[in-house]
Protein chains: 2
Amino acid sequence: MLSYESSLQALADPTRRTIFELVRSRPRSVAELAANVTVSRPAVSQHLGVLERARLVRHRKRGTRHVYHPDPAGLAPLREYVESLWDDVLTAFAAAGDEDGGNGDARDEE
Amino acid sequence: MLSYESSLQALADPTRRTIFELVRSRPRSVAELAANVTVSRPAVSQHLGVLERARLVRHRKRGTRHVYHPDPAGLAPLREYVESLWDDVLTAFAAAGDEDGGNGDARDEE
DNA sequence: ATGATTCGTAAGACAGCACTAACGGTTAGC
DNA sequence: GCTAACCGTTAGTGCTGTCTTACGAATCAT
């Protein structure tokens, strides 16, 4: 699996995105994260596993607590991918025009 | 639903991402898209519906054919979101340091 | 050493999503 | 007007992912 795929799929889930937003603003423990979302603590732990596999977060053991903090390693490929899409789509869009529903002249071009 | 959420969720699916890649490279009809993926034509039509609701593609009726082309409207919010994540994560990462497994000094800070 | 706290993991139930098959609508061509 | 081609939609099915409960491991405090 390409690197930006896992990041894309990880951030697609709303709960997981909320957790990542919390970790992004400030490093937090699992219990602190679970207190700020509607799901249980094991669910948060599973989401953190997905985020960590996607290289979006890392964790550091602080005694019995696992403190999670963001990691740019997984976000960088996603950022590059979106940027490449952005450039190509702008070019393709400018070449095609911006009208959509109108079916004025029907020329066959294939 | 915020705009970048739908784009994120739409691009998370591999088949949908393949379809979007094809549309990005060149405007294509539904049958042409279906010929380049492993799923059936109705499945492609459904995926195009999701992509269109996310403002990632548009379509133009060319006789009986529906030609789909990319749309920057849905991609722009996603790009801005990823960029904002990138900036904040870089800052947070620099402030936290880059070590992970090491549990050297355990101070209680809460 | 013992008890308490924090966390990860396994197992099972449940919901959501993607897919196929069948149908109906619209347009081009004869 | 009639046939064929292209497409969207709906109903039904299978599967992947998420959630909760229960359990075990690791660490700090007493």
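In what follows, chains carry the letters A, B, and so on, assigned in the order in which the sequence lines appear, proteins first and then strands, with residues in each chain numbered from 1.
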>> Distance check needed: D:dT18 P versus A:R17 CZ, whole Å only.
In response: 12 Å

What protein N or O atoms touch nucleotides 4-7 of chain D N or O atoms at under 3.5 angstrom, if any, and at what distances?
unit_1	atom_1	unit_2	atom_2	d
D:dC6	O4'	B:T64	OG1	3.4
D:dC7	OP1	B:V30	N	3.3
D:dC7	OP2	B:A31	N	3.1
D:dC7	O3'	B:H66	ND1	3.1

>> As an exercise, state the distance from OG of A:S25 to CG of B:D88, rounded to the nearest 0.5 Å.
In response: 9.0 Å

>> Can you tell me how far apart CG (A:L85) and CG (B:L78) are? Round to the nearest 0.5 Å.
In response: 8.5 Å

> Going through the checks in order, is the side chain to side chain contact (heavy atoms under 4.5 Å, CB included) test met by B:H59 and B:L48?
Replying inline: CA-CA 9 Å; B:H59 76 277; B:L48 286 170; over 6 Å; no

> What is the distance, rounded to the nearest whole Å, between atom NE2 of A:H59 and atom C1' of C:dC7?
Replying inline: 10 Å

>> If the condition is salt bridge (Lys or Arg N to Asp or Glu O under 4.0 Å), which residues does A:E83 pass it with, not counting sequence neighbours?
In response: B:R79

> Can B:V30 be reached from B:V67 by stepping across I, L, V, M, F, W or Y side chains whose heavy atoms are under 4.5 Å apart?
Replying inline: no

>> If I take atom CZ in residue A:R60 and atom C1' in nucleotide D:dA26, what distance separates them, rounded to the nearest angstrom?
In response: 19 Å

> When rounded to the nearest 0.5 angstrom, what is the spacing between CD in A:E80 and CG in A:L75?
Replying inline: 10.5 Å

>> Suppose we screen for side-chain contact (heavy atoms from CB on, under 4.5 Å). Which residues come up paired with A:A34, at least two apart in sequence or across chains?
In response: A:R41, A:V44

> Rounded to whole angstrom units, what separation is found between the CD1 atom of A:I19 and the C1' atom of C:dC7?
Replying inline: 14 Å

Atom pairs, N/O to N/O, protein against nucleotides 11-17 of chain C, distance under 3.5 Å?
none

>> Surrounding CZ of B:R55 (heavy atoms of other residues, nucleotides or ligands, distance under 6.0 Å), is the total greater than 12?
In response: no

>> Run the side-chain contact (heavy atoms from CB on, under 4.5 Å) test against A:T15 and tell me which residues pass, sequence neighbours left out.
In response: A:D13, A:I19, A:V39, A:H47

>> Could you tell me if the side chain of B:L51 sits less than 4.5 Å from the side chain of B:V23, heavy atoms only?
In response: no

>> So, OP1 or OP2 of D:dC19: does either fall under 4.0 Å of a side-chain N or O from A:H47?
In response: yes

>> Evaluate B:E21 against B:T18 for side chain to side chain contact (heavy atoms under 4.5 Å, CB included), listing each step before the verdict.
In response: CA-CA 5 Å; B:E21 298 279 351; B:T18 301; 5.5 Å; no

> Which angle, rounded to 10°, do you find between the first-five-pair axis and the last-five-pair axis of the helix from C:dA1-D:dT30 to C:dC30-D:dG1?
Replying inline: 30°

> Within this structure, what is the CG-to-P distance between B:L11 and C:dA18, rounded to whole angstrom?
Replying inline: 12 Å

